[in-house]
J.: 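Please find one structure pasted underneath; my questions will follow.
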Amino acid sequence: MKLLAMMFLICGSLISYGQNLKESEKRLSDNFSKIHYWAFYKDAEADTTKFSHDSVEKYNRIFEKELLQIASTNVKSISYNFQSLRDSGLRIVTSKDGLFRIYTWDTWMGGTMHYFENILQYNTRGEVRAEQRGDALKDDIASGYMYYGIDDIASGDKTFYLTLSGAVLSSALSDHNVKFFSIDNGVLNDDAKLIKTRTGIRNELGYEVDLSSSANRDRDAPDFSIEYDSLAKIISIPVILDNNKVTSRRIKYKFTGKYFEKL
């Protein structure tokens, strides 16, 4: 009887979590849609620039606060799909082991420079925690990166998370980054080092691309994105010359069992 009662309790809790997440997703979607409504609001008969800007910030704050609260209290949220939010532009990347997830969205608070907000969520010992990285609404460039990729890397008895991100600094200027995280003793470590270079073991690799420079004008620049082959475990980044010219050559780092090392 005790076992049966416990099973009913567990099932009831799972149903409750699911219902709560569906309700939460609807509220999040409503506020997320208001960010976009005010970001692109136009009134031909009145100057509403300041008014709409304030409204965009308001609903970004509301959305951010509620997502942070859900991500730090509902253990099921780290595996929940949030499909309506994905369809509306929220980018969600999740590690294969299901223990680390990043939510990224464009706040639409910038012009040609885009400000992205990020919430990092992780599961430790069966509990979820969530952290905001930087503050895009305060022009903090640390939060200006949009995370679009994640992969799990086992090194020794520890799991590292390789993340790919990019920043839109202007219509011609962009920043690209590969960075590692780990969960150490129940705390998210954003300085996990797994890249071996001549100057030491590093946490990240990054580079800037300036398509407005004279070396890149009047030409089709080669693909300058970060490439990551998850099967071969190879990071590939473009060679960019001192004059900012983007070349078709690539620098590659392969995971050798302990570190990513240059080929």
Side-chain angles (χ1 to χ4, degrees), residues 24-25 28-29 31-36 39 56-74 77-111 113-124 128-152 160-170 173-184 187-192 203-208 225-226 228:
S24 297
E25 182 180 10
L28 286 167
S29 294
N31 288 318
F32 198 62
S33 66
K34 288 173 183 174
I35 295 173
H36 295 86
V56 173
E57 181 173 0
K58 171 186 174 181
Y59 286 106
N60 264 294
R61 289 296 189 199
I62 292 173
F63 177 78
E64 170 197 285
K65 183 179 179 180
E66 183 160 337
L67 179 56
L68 194 59
Q69 192 273 333
I70 293 167
S72 60
T73 58
N74 192 323
S77 62
I78 199 167
S79 59
Y80 190 72
N81 197 36
F82 292 107
Q83 190 61 52
S84 64
L85 288 165
R86 291 176 187 267
D87 292 342
S88 298
L90 180 70
R91 186 178 288 269
I92 304 173
V93 292
T94 310
S95 62
K96 291 186 181 73
D97 64 11
L99 298 180
F100 184 43
R101 170 179 274 196
I102 303 176
Y103 304 84
T104 296
W105 71 96
D106 194 331
T107 64
W108 298 106
M109 294 292 290
M113 180 176 183
H114 289 246
Y115 292 101
F116 294 94
E117 199 70 84
N118 300 296
I119 289 178
L120 281 59
Q121 181 187 32
Y122 58 103
N123 186 316
T124 174
V128 281
R129 297 179 183 177
E131 303 174 8
Q132 178 192 14
R133 273 296 185 272
D135 191 342
L137 303 185
K138 291 182 179 177
D139 295 349
D140 183 351
I141 190 58
S143 64
Y145 287 90
M146 176 194 70
Y147 288 87
Y148 59 87
I150 191 169
D151 194 47
D152 308 24
F160 291 81
Y161 302 101
L162 177 155
T163 64
L164 303 177
S165 62
V168 181
L169 306 179
S170 73
L173 194 63
S174 60
D175 201 84
H176 307 263
N177 192 263
V178 53
K179 179 180 175 65
F180 288 89
F181 294 84
S182 62
I183 303 171
D184 301 337
V187 177
L188 184 65
N189 177 13
D190 63 359
D191 193 34
N203 166 251
E204 60 186 327
L205 291 173
Y207 56 94
E208 189 174 272
S225 61
I226 297 174
Y228 178 64

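The basis for the numbers below is simple: all heavy atoms, side chains too, and nothing from hydrogens, waters or symmetry mates.
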J.: Taking ring-ring contact (aromatic ring centres under 6.0 Å, His included) as the test, write out the residues that go with Phe180, two or more places apart.
T.: Phe260

J.: Not counting sequence neighbours, which residues clear salt bridge (charged side-chain N to carboxylate O under 4.0 Å, His left out) with Asp190? List them please.
T.: Arg133

J.: Check whether any side-chain heavy atom of Leu162 sits under 4.5 Å from a side-chain heavy atom of Val178, and report yes or no.
T.: yes

J.: Holding to side chain to side chain contact (heavy atoms under 4.5 Å, CB included), I want the full list of residues that pass it with Ser182, two or more places apart in sequence or in another chain.
T.: Lys158, Phe160, Asp184, Asn189, Ala192

J.: Looking at Met109 and Tyr115, what are the two nearest heavy atoms and their distance?
T.: C-CD1, 4.1 Å

J.: Any chance you could measure Ile62, atom CD1, to Phe32, atom CZ, to the nearest 0.5 Å?
T.: 14.0 Å

J.: Can you find a pair of side-chain heavy atoms, one from Arg91 and one from Tyr147, that are under 4.5 Å apart?
T.: no

J.: For residues Tyr80 and Glu25, report the shortest heavy-atom separation together with the two atoms involved.
T.: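 For Tyr80 and Glu25, the tightest heavy-atom pair comes out as OH-OE1, 2.9 Å.
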
J.: To the nearest 0.5 angstrom, please state how far the CD1 atom of Ile70 sits from the OH atom of Tyr103.
T.: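 If we round to the nearest 0.5 Å, Ile70:CD1 and Tyr103:OH are 8.5 Å apart.
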
J.: Which atom names give the shortest non-hydrogen contact between Ile183 and Leu188, and what distance separates them?
T.: CG1-CD1, 4.2 Å

J.: Holding to salt bridge (charged side-chain N to carboxylate O under 4.0 Å, His left out), I want the full list of residues that pass it with Asp175, two or more places apart in sequence or in another chain.
T.: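 By the salt bridge (charged side-chain N to carboxylate O under 4.0 Å, His left out) rule, Asp175 matches no residue at all.
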
J.: In Å, rounded to the nearest 0.5 Å, how long is the span from NE2 of His176 to CG of Leu164?
T.: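 Answer for the NE2-CG pair, His176 versus Leu164, is 11.5 Å.
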
J.: Looking only at non-hydrogen atoms, find the nearest pair between Ser77 and Gln121 and report the distance.
T.: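 What the structure gives for the nearest pair is OG-NE2, 2.8 Å.
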
J.: Using a 3.5 Å distance criterion without hydrogens, assess whether the side chain of Ser95 forms a donor-acceptor pair with backbone atoms of Phe100.
T.: yes

J.: Which heavy atom of Tyr145 sits nearest to which heavy atom of Asn177, and what is that distance?
T.: CE2-CB, 4.0 Å

J.: Compare every heavy atom of Arg101 with every heavy atom of Thr94, then report the nearest pair and how far apart it is.
T.: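 Thr94 and Arg101 have their closest heavy atoms at OG1-NE, 2.8 Å.
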
J.: Tell me whether Thr163 contacts the main-chain N or O of Lys179 through its side chain, where contact means a donor paired with an acceptor under 3.5 Å.
T.: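 Flag set: sc Thr163 to bb Lys179 pair under 3.5 Å.
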
J.: Measuring from atom CZ of Arg129 to atom OG1 of Thr124, what distance do you get when rounded to the nearest 0.5 angstrom?
T.: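 The distance works out to 5.5 Å.
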
J.: Quick one: salt bridge (charged side-chain N to carboxylate O under 4.0 Å, His left out) partners of Glu66, sequence neighbours excluded?
T.: Arg27

J.: Given Thr104 and Tyr148, is the side-chain contact (heavy atoms from CB on, under 4.5 Å) satisfied, shown in steps?
T.: CA-CA 8 Å; Thr104 296; Tyr148 59 87; over 6 Å; no

J.: Side chains of Met146 and Trp105, heavy atoms from C-beta outward: is any pair under 4.5 Å?
T.: no

J.: In Å, rounded to the nearest 0.5 Å, how long is the span from OG of Ser79 to CG of Leu99?
T.: 11.0 Å

J.: Calculate, to the nearest 0.5 Å, the distance between atoms OH and CG belonging to Tyr161 and Asp97 respectively.
T.: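 Going from the OH atom of Tyr161 to the CG atom of Asp97 covers 3.5 Å.
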
J.: Could you work out, with salt bridge (charged side-chain N to carboxylate O under 4.0 Å, His left out) as the rule, every residue matching Lys96, not counting sequence neighbours?
T.: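 If we apply the salt bridge (charged side-chain N to carboxylate O under 4.0 Å, His left out) test to Lys96, skipping adjacent residues, the hits are Asp151.
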
